[in-house]
Amino acid sequence: MTLRTALGRIGAQEDLNFLLTNRLPRRLATQAMGRVSRIEQPLVRDASLFLWRLFCDVDLSDAKETRFKSLHDAFVRELRPGARIVDPDPAVLVSPSDAILGANGTVSAGQVLQVKGSAYRLADLLQDEALARAHEGCAYATLRLTAGMYHRFHAPADLRVDSVRHLWGDTWNVNPIALKRVEALFCRNERAVIRVRLDDGAAMTLVPVAAILVAGLKLGFLAEGNDLRATGERTLPCSAHLTKGAEMGWFEHGSTIVVLAPPGYTLAPGLREGARLRMGERLLLSPGATR
């Protein structure tokens with residue numbers, strides 16, 4: 001048995017996993033990890049990268065750079081050109097990130113699923129009753145980024161960003177074990193509500209949710225995007241135009257994006273909970289899309 005296999009079996013024990021990743025002082029651990037991950041001293045960097053690769057399924061073969069100054073530098077790595085192919089069909093909303101597809105379906109009675117058998121109020125996630133009502137009956141998809149994945153996220157279509165609102169919150173782990181145990185977890189964590197409009201005028205919403213360890217959330221298209229926590233949860237107007245596949249921002253650790261589709265869109269055929277997606281692959285289709 002390899003060391004990674006042994007660690008994986010330990011991590012699969014739900015009580016121990018939950019204890020190790022959620023019952024420690026989450027905010028303090030997150031702040032400490034943020035500092036350590038940025039240390040560029042070679043010995044610290046190499047040890048951090050070794051432990052990261054030991055505990056996580058990391059593939060750096062598609063990274064733009066082959067050497068990294070720090071663990072943080074590797075977390076937020078860019079892709080080499082051509083590493084992802086973006087579906088060009090204008091009737092298709094692509095996955096904004098590499099991810100594992102989580103709970104998905106249709107917003108019903110103002111609620112969406114966190115996991116099977118456990119729902120939360122969309123208005124609590126968005127902190128906006130009117131916006132939640134606007135998504136009633138629309139499709140949604142939850143995308144979970146693991147710690148070893150590529151951490152940047154991209155525009156799912158040609159679009160204009162209308163506004164951004166950062167919401168302060170906790171740093172619960174967002175792995176499946178925590179999602180089963182912590183009610184309305186996404187509504188508790190730090191997140192941003194990004195309202196966008198597609199070229200045909202249809203409105204959709206993206207909600208990137210941060211998590212334990214580092215927890216940072218950055219938006220490259222917004223002047224305040226490098227320090228969202230300083231915005232005081234104000235709604236920030238925006239008029240940034242992004243082409244499909246253009247970078248929107250990045251997480252500084254694995255986390256989640258909740259995608260709230262425009263009316264009429266449905267999940268791409270063949271996708272099921274647990275499916276692994278790469279940025280640029282089909283996620284949601286408009287009524288006129290080729291199936």
Side-chain angles (χ1 to χ4, degrees), residues 75-76 79 84 86 92-105 107 112-115 120 122 124-127 131-132 135 138-157 159 161 163-167 169 171-176 178-179 184-196 198 203-212 214-222 225 228 242 244-262 265 267-268 271 273-284:
F75 270 148
V76 300
L79 293 175
R84 298 291 182 275
V86 178
V92 170
L93 296 180
V94 301
S95 177
S97 67
D98 288 5
I100 298 171
L101 180 62
N104 59 87
V107 180
V112 298
L113 287 177
Q114 179 167 287
V115 292
Y120 60 91
L122 185 57
D124 291 339
L125 177 74
L126 303 175
Q127 291 295 292
L131 182 56
H135 282 292
C138 296
Y140 69 91
T142 308
L143 304 175
R144 182 171 67 89
L145 290 73
T146 66
M149 284 181 173
Y150 169 63
H151 291 84
R152 294 177 182 253
F153 54 95
H154 300 249
L159 56 80
V161 181
S163 68
V164 175
R165 184 185 180 196
H166 173 266
L167 298 173
T171 56
W172 288 95
N173 196 331
V174 293
N175 67 9
L179 292 177
L185 189 155
F186 298 140
C187 306
R188 300 168 183 251
N189 272 16
E190 180 180 355
R191 58 200 183 277
V193 178
I194 306 173
R195 302 179 66 174
V196 308
L198 308 184
M204 67 178 295
T205 305
L206 302 172
V207 186
V209 184
I212 193 169
V214 186
L217 173 62
K218 309 295 184 184
L219 300 176
F221 61 83
L222 189 70
L228 289 170
L242 299 172
K244 195 176 198 176
E247 183 182 299
M248 297 187 77
W250 62 93
F251 294 107
E252 296 182 326
H253 198 64
S255 196
T256 295
I257 303 175
V258 180
V259 180
L260 301 167
Y265 279 73
L267 195 69
L271 288 183
E273 187 169 341
R276 296 183 75 93
L277 289 160
R278 286 160 70 90
M279 189 283 289
E281 293 182 339
R282 287 184 164 206
L283 177 64
L284 294 151

- line: Across all chains, not counting sequence neighbours, the ring pair (Phe, Tyr, Trp, His ring centres under 6.0 Å) partners of F153 are F251

query: side-chain contact (heavy atoms from CB on, under 4.5 Å) with L113: which residues, sequence neighbours excluded?
result: A103, A119, Y140

Partner set under salt bridge (charged side-chain N to carboxylate O under 4.0 Å, His left out) for R152, not counting sequence neighbours: E247

- request: Kindly write out the residues that satisfy side-chain contact (heavy atoms from CB on, under 4.5 Å) with A203, not counting sequence neighbours, or none if the list is empty.
  value: R197

- prompt: Q127 versus R191: any side-chain heavy-atom pair under 4.5 Å?
  reply: yes

- prompt: Does E281 have any salt bridge (charged side-chain N to carboxylate O under 4.0 Å, His left out) partners at least two apart in sequence or in another chain, and if so, which?
  reply: none

query: Taking only residues two or more places apart in sequence, or in another chain, which ones meet T142 in a side chain to side chain donor-acceptor pair (under 3.5 Å)?
result: none

field: Main-chain N/O of Y120 paired with Q114 side-chain donor or acceptor, under 3.5 Å
entry: no

- request: Please identify each residue that fulfils side-chain contact (heavy atoms from CB on, under 4.5 Å) with K244, with sequence neighbours left out.
  value: V86, V92, V94, D158

- prompt: Sub-3.5 Å donor-acceptor pair from the side chain of N104 to the main-chain atoms of G102, do we have one?
  reply: yes

task: Taking side-chain contact (heavy atoms from CB on, under 4.5 Å) as the test, write out the residues that go with R84, two or more places apart.
output: D62, L79, D98, Y150, R278, M279

- prompt: Hey, does L206 have a side-chain heavy atom less than 4.5 Å from the side chain of P156?
  reply: yes

field: Closest heavy-atom pair and its distance - L283, L277
entry: CD1-CD1, 3.9 Å

